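In what follows, a single structure is set out as structure tokens and then discussed.
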Amino acid sequence: MNFGGTVENVATREEFPLSKAQEVLKDEVVAVIGYGVQGPGQALNQKENGINVIVGQRKNSKSWDKAVNDGFIPGHDLFEIEEALKRGTIICYLLSDAAQIELWPLVKKHLTPGKALYFSHGFAITYKDRTGIVPPPDVDVFLVAPKGSGTSLRRMFLEGRGLNSSYAIFQDATGRAYERVIALGIAIGSGYLFETTFQKEVYSDLTGERGTLMGAIQGIFAAQYEVLRSHGHSPSEAFNETVEELTQSLMPLVAENGMDWMYANCSTTAQRGALDWWKKFRDATLPVFKNLYEEVAAGREAQRSIDSNSQPDYREKLEVELKELRDSEMWRAGKTVRGLRPENQEVKEAV
């Protein structure tokens with residue numbers, strides 16, 4: 001498929017329908033290891049698409065209870081992790097990066113010849129010198145990386161839509177890695193799948209998370225909000241002009257039709273200002289993005305993540321940082337604004 005003059009390998013649901021995916025996977029047992037961020041969406045979507053999927057999770061944990069509440073039955077399609085590893089022919093390794101490192105010796109023990117090891121992130125393999133995750137040579141190794149959260153994957157599946165995903169093959173031991181990975185991509189609910197490599201997936205993913213998807217957007221929000229408040233604008237006005245209008249009005253238009261269409265359908269004053277200022281923001285942030293990519297490519301971002309997420313008090317420290325965001329004036333104003341949306345008012349009135 002041609003994207004802006006560049007030809008890419010893409011698999012769509014038209015050329016690889018669900019019926020074909022079901023045929024490819026008919027003799028497989030797909031073991032989803034971990035039921036946290038990606039696990040629930042991927043496991044439930046596969047289950048409802050007719051795939052023989054089981055979940056491996058530590059018993060008596062919140063995630064085990066969540067799997068039970070989602071309809072997985074202990075002893076039938078919900079097992080302790082090692083039992084699921086024994087039963088699975090395709091191991092969907094969906095634990096956090098730090099947890100993958102910790103559990104790897106047990107997983108490797110059950111990767112017998114002909115099985116497949118599936119990731120949704122290129123981290124473990126790309127940084128194998130740091131993670132120690134080196135698969136045996138007689139198993140397939142591939143990934144499907146949905147371009148969104150597990151929550152979004154599940155929500156879009158239930159709406160009859162698909163979330164786009166990338167796919168990559170690191171090791172093809174059986175000669176069936178391609179059909180296995182595309183079948184799984186379709187089964188979890190991908191809209192279409194585009195080819196990448198493990199390295200490119202993790203480089204782009206880490207850059208995106210720290211950049212426009214989360215880190216940069218929060219930084220830009222905070223900067224504009226601060227400037228507006230410092231000039232006497234109310235919290236409501238500052239939040240609406242910084243966040244609410246973007247997320248509720250403009251970004252849906254960009255998603256549907258592209259940035260040029262959104263520009264063309266705004267006021268002439270907005271058009272002129274946006275066209276005059278976007279390159280200034282590009283030039284101001286380009287050095288930061290270049291530095292960010294260098295940190296990712298050098299492995300330093302990966303090491304920071306491993307070191308931080310492996311600490312026993314990681315969750316407590318994380319909550320402190322999230323509380324700082326949550327308690328900031330901007331996001332306290334945001335909570336109030338969200339509560340005033342008409343759909344939320346209707347809910348309150350109904351209650």
Side-chain angles (χ1 to χ4, degrees), residues 1-12 15-16 37-38 42 90-98 100-101 104 116-135 137 139-150 152-153 162-173 177-186 188-217 282 285-306 309:
M1 192 168 290
N2 193 308
F3 288 86
T6 300
V7 177
E8 297 185 33
N9 292 326
V10 169
T12 68
E15 63 193 34
F16 206 110
V37 178
Q38 281 288 337
Q42 293 201 27
I90 298 176
I91 308 301
C92 293
Y93 206 21
L94 301 181
L95 295 168
S96 69
D97 296 322
Q100 285 184 9
I101 296 170
W104 176 243
L117 180 61
Y118 164 109
F119 294 91
S120 281
H121 192 23
F123 191 100
I125 297 296
T126 299
Y127 301 114
K128 58 184 179 295
D129 291 344
R130 299 170 186 268
T131 65
I133 296 177
V134 180
V139 300
D140 292 342
V141 182
F142 44 67
L143 68 78
V144 175
K147 298 299 105 181
S149 68
S152 298
L153 181 74
L163 182 64
N164 298 333
S165 302
S166 60
Y167 76 91
I169 298 170
F170 179 74
Q171 198 164 275
D172 183 3
Y178 176 79
E179 65 175 17
R180 281 171 127 181
V181 72
I182 299 301
L184 284 161
I186 297 299
I188 69 168
S190 300
Y192 76 86
L193 296 116
F194 60 93
E195 187 178 26
T196 187
T197 67
F198 272 67
Q199 184 186 80
K200 287 179 180 177
E201 191 284 327
V202 74
Y203 284 12
S204 62
D205 189 71
L206 294 184
T207 299
E209 290 168 349
R210 287 147 180 77
T212 60
L213 301 179
M214 295 174 69
I217 198 69
R282 177 199 62 192
T285 59
L286 188 59
V288 180
F289 278 99
K290 287 181 176 178
N291 176 241
L292 168 57
Y293 194 88
E294 290 168 359
E295 290 293 297
V296 169
R300 288 187 287 272
E301 277 298 304
Q303 193 62 52
R304 274 192 283 272
S305 294
I306 292 170
N309 299 351

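What you see is a predicted model; the values in this text were computed from it and never measured.
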Could you pull out the closest heavy-atom pair between P146 and L163, with the gap in Å?
CB-CD2, 4.0 Å
Using 30° and 60° as the class boundaries, would you call the ring planes of Y93 and W104 parallel, tilted or perpendicular?
tilted
Rounded to the nearest 0.5 Å, what's the gap from OH on Y203 to OG1 on T196? Could you check?
12.0 Å
When rounded to the nearest 0.5 angstrom, what distance separates NZ in K147 from CG in L193?
10.5 Å
Give me each pair satisfying side chain to side chain donor-acceptor pair (under 3.5 Å) with a member in residues 121-135, each pair once, sequence neighbours excluded.
H121-E201, R130-Q303
Taking every heavy atom of F198 against every heavy atom of I169, the minimum-distance pair comes out as CE1-C, 4.3 Å
Measuring from T207:OG1 to Y293:OH, what's the distance to the nearest 0.5 Å?
6.0 Å
Starting at CG of D97, measure out to CG of N309 and round the result to the nearest 0.5 Å.
7.5 Å
Between F119 and A124 the two heavy atoms that sit nearest each other are CE2-CB, 3.8 Å
Identify the heavy atoms of Y178 and A11 that sit nearest to each other, and give their distance.
OH-CB, 4.3 Å
Closest heavy-atom contact between G211 and L292?
N-CD2, 4.1 Å
Could you go through F170 and F142, starting from their C-alpha distance and side-chain angles, then the distance that decides it, and tell me whether this counts as side-chain contact (heavy atoms from CB on, under 4.5 Å)?
CA-CA 5 Å; F170 179 74; F142 44 67; over 6 Å; no
State the OH-CG distance between Y167 and L143, to the nearest 0.5 angstrom.
11.0 Å
Quick one: closest heavy-atom pair of L94 and S120, and the distance?
CD2-OG, 3.5 Å
Ignoring hydrogens and geometry, is there a side-chain-to-backbone donor-acceptor pair from Q171 to V139 under 3.5 Å?
yes
With distance as the sole test, does D140 use its side chain to make a donor-acceptor pair with the main-chain N or O of D172 at under 3.5 Å?
no
L117 and I91, any side-chain heavy atoms less than 4.5 Å apart
yes
Under 3.5 Å, side chain of E295 to main-chain N/O of E301, donor-acceptor pair present?
no
Give, for atom CZ of R210 and atom OG of S305, the distance between the pair rounded to the nearest 0.5 Å.
4.5 Å
All side chain to side chain donor-acceptor pair (under 3.5 Å) counterparts of T285, not counting sequence neighbours:
none
Under a plain distance cut-off of 3.5 Å, with no hydrogens placed, do S190 and S165 share a side-chain donor-acceptor pair?
yes
